[in-house]
Participant: 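Structure incoming, see below.
Indexing begins at 1, ligand by ligand and atom by atom, following the structure's order. Computed from a prediction, not measured in an experiment: that's the story for all the values here. Worth knowing before you read on, the calculation uses all heavy atoms, side chains too, and leaves out hydrogens, waters and symmetry mates.
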Amino acid sequence: MRLKGKTALITGGTLGIGKATAKLFVDQGADVFICGRNEEVGKKAAEELGCTYHRVDVSDRQVVQVWVDDVVGKTGKVDILINNAGITRDGLLVKVKEGELVKQLAEEDFDLVVSVNLKGTFNCTQAVAPYMIKQGSGSIINTSSVVGLDGNFGQTGYVATKAGIVGMTKVWAREFGRFNVRVNAIAPGSIQTEILESMPEKFLTELKKHQPLGRFGQPEEIAYANLFLASDEASFVSGATLRVDGALVLGT
Ligand code: NAP
C-alpha cells in the first residue's frame with residue numbers, strides 16, 4: 001500500500017503502459033482517475049481496474065481543465081499526475097529516390113504528435129500544478145522515451161516531443177521545487193504494447209537482436225518505475241529522467 005490515500009491522474013490510462021500503471025496504483029491503495037479518447041475502451045478498463053474513467057483528449061486544454069477541476073472537486077486534492085498519453089506518426093523527413101524527392105513527413109502528422117505528446121503534457125501539468133502548489137506537495141511524472149535522449153531514424157516528430165518532455169521536466173522541477181512538488185520523467189525502451197505492435201515485423205525482429213536482455217519490456221516493468229517516482233520513497237528525486245530500457249541503448 002505504497003500509495004494509500006493518494007489521488008492519481010493517469011492520462012492514457014486505458015491501454016498499455018498507462019493501464020498497467022493504473023492497475024498497480026489501484027493495488028497500492030491510490031484513488032485512480034484515467035483518461036483517453038476511446039470511451040468504450042476507457043469504461044471497460046476502469047471497470048476492470050476499479051478506477052474512474054473520463055473521456056479526455058489531452059490536446060484540448062478546456063477539456064483537460066474540466067477533468068482536473070472535477071477530480072479535485074470530488075477528492076479535494078491531487079497527489080500524482082502521470083503524463084503518459086502519447087502517439088506516433090512516423091516517416092522520414094524527406095524520402096529521395098534517384099535524386100528526386102518522392103515523399104516527405106506530412107506537416108499534419110508532425111503537428112498532431114506535438115499536440116498530443118508535448119502540448120498534452122503541458123496542458124495537464126498546467127491544470128494540475130496550481131492545486132499541487134496550493135497543497136504543498138505532489139509528484140508529476142512525464143513519459144519521455146529513450147529515443148527522446150538518443151534520437152531515432154524516421155521519428156522526427158515523436159523524438160522532438162520526447163526530447164521536449166525531458167526539457168520541460170527540468171524546467172518544472174526547478175520551478176515547483178520550492179513548493180515540494182517533484183517532477184521527473186521516465187524514458188522507456190521497447191515495451192510490448194500497441195505502439196510497438198503497430199511496427200513492421202522485420203523492424204521488430206531486428207530491434208530484438210539489439211536488446212541485451214533478449215526481449216522487449218512489459219508494461220508492468222514501466223509501471224513499477226512510475227510507482228517508485230510517485231511514492232514517498234522518491235522524496236528526494238526530482239528533475240531526473242529514468243531510463244527503463246533493459247540497456248537497449250548500450251546494445252549487444
Ligand atoms: P498505447 O498502448 O498506444 O496507449 C496509449 C494511450 O494513450 C491510450 O490509452 C490512448 O487512449 C491514450 N491517448 C492517445 N492519444 C490521446 C489523447 N489525445 N488524449 C488522451 N489520451 C490519449 O501506448 P503505450 O505504448 O502504452 O505508450 C504510453 C506512453 O509511453 C506514450 O507516451 C509513449 O510514447 C511512451 N513510450 C512507449 C514505448 C513503447 O515501446 N511502448 C516506448 C517509449 C515510450 P485513446 O486512444 O483512447 O485516446
Participant: To which protein heavy atom is atom 18 (N) of ligand 1 closest, and what is the distance rounded to 0.1 Å?
Facilitator: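 Result for atom 18 (N) of ligand 1: D57 OD1, 2.9 Å.
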Participant: Any chance you could measure L24, atom CG, to L227, atom CG, to the nearest 0.5 Å?
Facilitator: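 Those atoms lie 5.0 Å apart.
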Participant: For atom 15 (N) of ligand 1, which of the options H54, R37, K119 provides the nearest non-hydrogen atom?
Facilitator: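 Heavy atom nearest to atom 15 (N) of ligand 1 belongs to R37.
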Participant: For S144, is at least one N or O under 3.5 Å away from an N or O on ligand 1?
Facilitator: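 In this structure, S144 places no N or O atom under 3.5 Å from an N or O of ligand 1.
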Participant: Check whether any heavy atom of G120 sits under 4.0 Å from an atom of ligand 1.
Facilitator: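 Heavy atoms of G120 never come under 4.0 Å of ligand 1.
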Participant: Are any of the N/O atoms in G36 less than 3.5 Å from those in ligand 1?
Facilitator: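 Between G36 and ligand 1, no N or O pair is found under 3.5 Å apart.
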Participant: For atom 7 (O) of ligand 1, what is the nearest protein heavy atom, given as residue, atom name and distance?
Facilitator: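 Sorting protein heavy atoms by distance from atom 7 (O) of ligand 1 puts G12 CA, 3.4 Å first.
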Participant: Suppose I only count heavy atoms of I195 and a 4.0 Å limit; which atoms of ligand 1 are within that range?
Facilitator: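 Those qualifying, in numeric order: 3 (O), 23 (O), 25 (O), 27 (O), 33 (C).
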Participant: So which heavy atom in the protein is nearest atom 25 (O) of ligand 1, and how far is it from that ligand atom?
Facilitator: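 For this ligand atom, the closest protein heavy atom is T193 OG1, 2.3 Å.
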Participant: Nearest protein heavy atom to atom 26 (O) of ligand 1, by residue and atom, and its distance?
Facilitator: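 Sorting protein heavy atoms by distance from atom 26 (O) of ligand 1 puts I17 N, 2.8 Å first.
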Participant: Return yes or no for this condition: an N or O of P188 is under 3.5 Å from an N or O of ligand 1.
Facilitator: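 In this structure, P188 places no N or O atom under 3.5 Å from an N or O of ligand 1.
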Participant: For atom 5 (C) of ligand 1, which of the options G86, G18, A45 provides the nearest non-hydrogen atom?
Facilitator: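 Among G86, G18, A45, the closest heavy atom to atom 5 (C) of ligand 1 belongs to G86.
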Participant: Return the residue, atom name and 0.1 Å-rounded distance of the protein heavy atom closest to atom 28 (C) of ligand 1.
Facilitator: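 So the nearest neighbour among protein heavy atoms is N84 OD1, 3.2 Å.
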Participant: What residue among K23, K19, K43 forms side-chain hydrogen bond (donor to acceptor under 3.5 Å, both in side chains) with E48?
Facilitator: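 Of the listed options, the one satisfying the test is K19.
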Participant: Closer than 4.0 angstrom: is that true for some heavy atom of K162 and an atom of ligand 1?
Facilitator: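 True for this residue.
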Participant: Below 4.0 angstrom from a heavy atom of G16, which ligand 1 atoms are there? Numbered from 1 as shown, please.
Facilitator: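 Listed by number with element, the hits are 2 (O), 26 (O).
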Participant: Does the residue V116 have a heavy-atom contact with ligand 1, meaning some pair of atoms that are separated by less than 4.0 Å?
Facilitator: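 Judged by the 4.0 Å heavy-atom criterion, V116 does count as contacting ligand 1.
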Participant: Does ligand 1 have a heavy atom under 4.0 Å from the side chain of V56, from its backbone, from both, or from neither?
Facilitator: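 Just the backbone.
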Participant: Once you round to the nearest 0.5 Å, how far does CZ of F25 lie from CG of L49?
Facilitator: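 The CG atom of L49 is 12.5 Å from CZ of F25, to the nearest 0.5 Å.
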Participant: Got an N/O contact under 3.5 Å between I191 and ligand 1?
Facilitator: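 Between I191 and ligand 1 (N or O atoms, distance only) the closest approach is under 3.5 Å.
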Participant: Of all heavy-atom pairs between Q155 and N152, which one has the smallest distance, and what is that distance?
Facilitator: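 Answer, listing the atom of Q155 first, then N152: OE1-ND2, 3.0 Å.
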Participant: Under 4.0 Å from a heavy atom of T143: which atoms of ligand 1 are those, numbered in the order shown and with their elements?
Facilitator: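 The atoms of ligand 1 under 4.0 Å from a heavy atom of T143 are 29 (C), 30 (O), 32 (O), 35 (C).
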Participant: State the atoms of ligand 1, each with its element, that fall below the 4.0 Å cut-off from a heavy-atom position in S145.
Facilitator: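 Ligand 1 atoms under the 4.0 Å threshold to S145: 43 (C), 44 (C).
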Participant: Side chains of I186 and L229: does their closest heavy-atom pair fall under 4.5 Å?
Facilitator: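 Yes, their side chains come closer than 4.5 Å.
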Participant: Test of understanding: given a 4.0 Å heavy-atom threshold, classify the contact between F216 and ligand 1 as side chain, backbone, both, or neither.
Facilitator: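 Looking at F216 and ligand 1, no heavy atom falls under 4.0 Å.
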Participant: Are D232 and K6 within salt-bridge range, i.e. N to O under 4.0 Å?
Facilitator: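 Yes, charged N to carboxylate O under 4.0 Å.
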Participant: Using side-chain heavy atoms (C-beta onward) and a distance below 4.5 Å, is V56 in contact with V64?
Facilitator: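 In short, these two side chains touch, coming nearer than 4.5 Å.
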Participant: Looking only at side chains, do N142 and T169 share a donor and an acceptor under 3.5 Å apart?
Facilitator: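 Judged by distance alone, the side chains do pair up.
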Participant: Near R174 CZ, under 6.0 Å, is it more than 12 heavy atoms from other residues, nucleotides or ligands?
Facilitator: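 For R174, atom CZ is not crowded (no more than 12 foreign heavy atoms under 6.0 Å).
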Participant: List the steps, then state whether side-chain hydrogen bond (donor to acceptor under 3.5 Å, both in side chains) holds for T75 with D31.
Facilitator: CA-CA 9 Å; T75 65; D31 193 2; 5.7 Å; no
Participant: Below 4.0 Å from ligand 1: does a non-hydrogen atom of T11 turn up there or not?
Facilitator: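 It does not, in that no heavy atom of T11 comes within the 4.0 Å cut-off of ligand 1.
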Participant: Of all the heavy atoms in P219, does at least one lie under 4.0 Å from an atom in ligand 1?
Facilitator: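 False for this residue.
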Participant: Rounded to the nearest 0.5 Å, how far apart are OG1 of T21 and CD1 of I10?
Facilitator: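 T21 atom OG1 to I10 atom CD1 measures 6.0 Å (nearest 0.5 Å).
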Participant: Less than 4.0 Å between a side-chain N and a carboxylate O, is that true for E47 and K44?
Facilitator: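 No, K44 and E47 are not salt-bridged.
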Participant: Tell me which protein heavy atom sits closest to atom 22 (C) of ligand 1, plus the residue, atom name and distance to 0.1 Å.
Facilitator: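 Looking only at protein heavy atoms, the one closest to atom 22 (C) of ligand 1 is A85 CB, 3.6 Å.
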Participant: Are any non-hydrogen side-chain atoms of F33 and D70 less than 4.5 angstrom apart?
Facilitator: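 A side-chain contact is absent here, since even the closest heavy-atom pair is not under 4.5 Å.
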Participant: Can you find a pair of side-chain heavy atoms, one from R61 and one from F122, that are under 4.5 Å apart?
Facilitator: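 Yes; the side chains approach each other to less than 4.5 Å.
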Participant: For residues N38 and T14, determine if any side-chain heavy atom of one lies less than 4.5 Å from a side-chain heavy atom of the other.
Facilitator: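 No, every pair of side-chain atoms sits at 4.5 Å or beyond.
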Participant: Decide if atom NZ of K77 counts as having more than 12 heavy atoms of other residues, nucleotides or ligands within a radius under 6.0 Å.
Facilitator: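 Yes, because the 6.0 Å sphere around NZ of K77 holds more than 12 heavy atoms from other groups.
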Participant: If you have a sec, work out which protein heavy atom is nearest atom 42 (C) of ligand 1 and how many Å separate them, to one decimal?
Facilitator: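 Answer for atom 42 (C) of ligand 1: G189 O, 2.9 Å.
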Participant: Any atoms of ligand 1 less than 4.0 Å from a non-hydrogen atom of S190? List them with their elements.
Facilitator: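 By the 4.0 Å cutoff, the relevant atoms are 40 (O).
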Participant: Can you pull out the closest protein heavy atom to atom 11 (O) of ligand 1? Residue, atom name and distance to 0.1 Å, please.
Facilitator: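 Protein heavy atom with the smallest distance to atom 11 (O) of ligand 1: T14 OG1, 3.5 Å.
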Participant: Can you sort out which atoms of ligand 1 are near I87, meaning under 4.0 Å from one of its heavy atoms?
Facilitator: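 With I87 as reference, the close atoms of ligand 1 come out as 14 (C), 15 (N).
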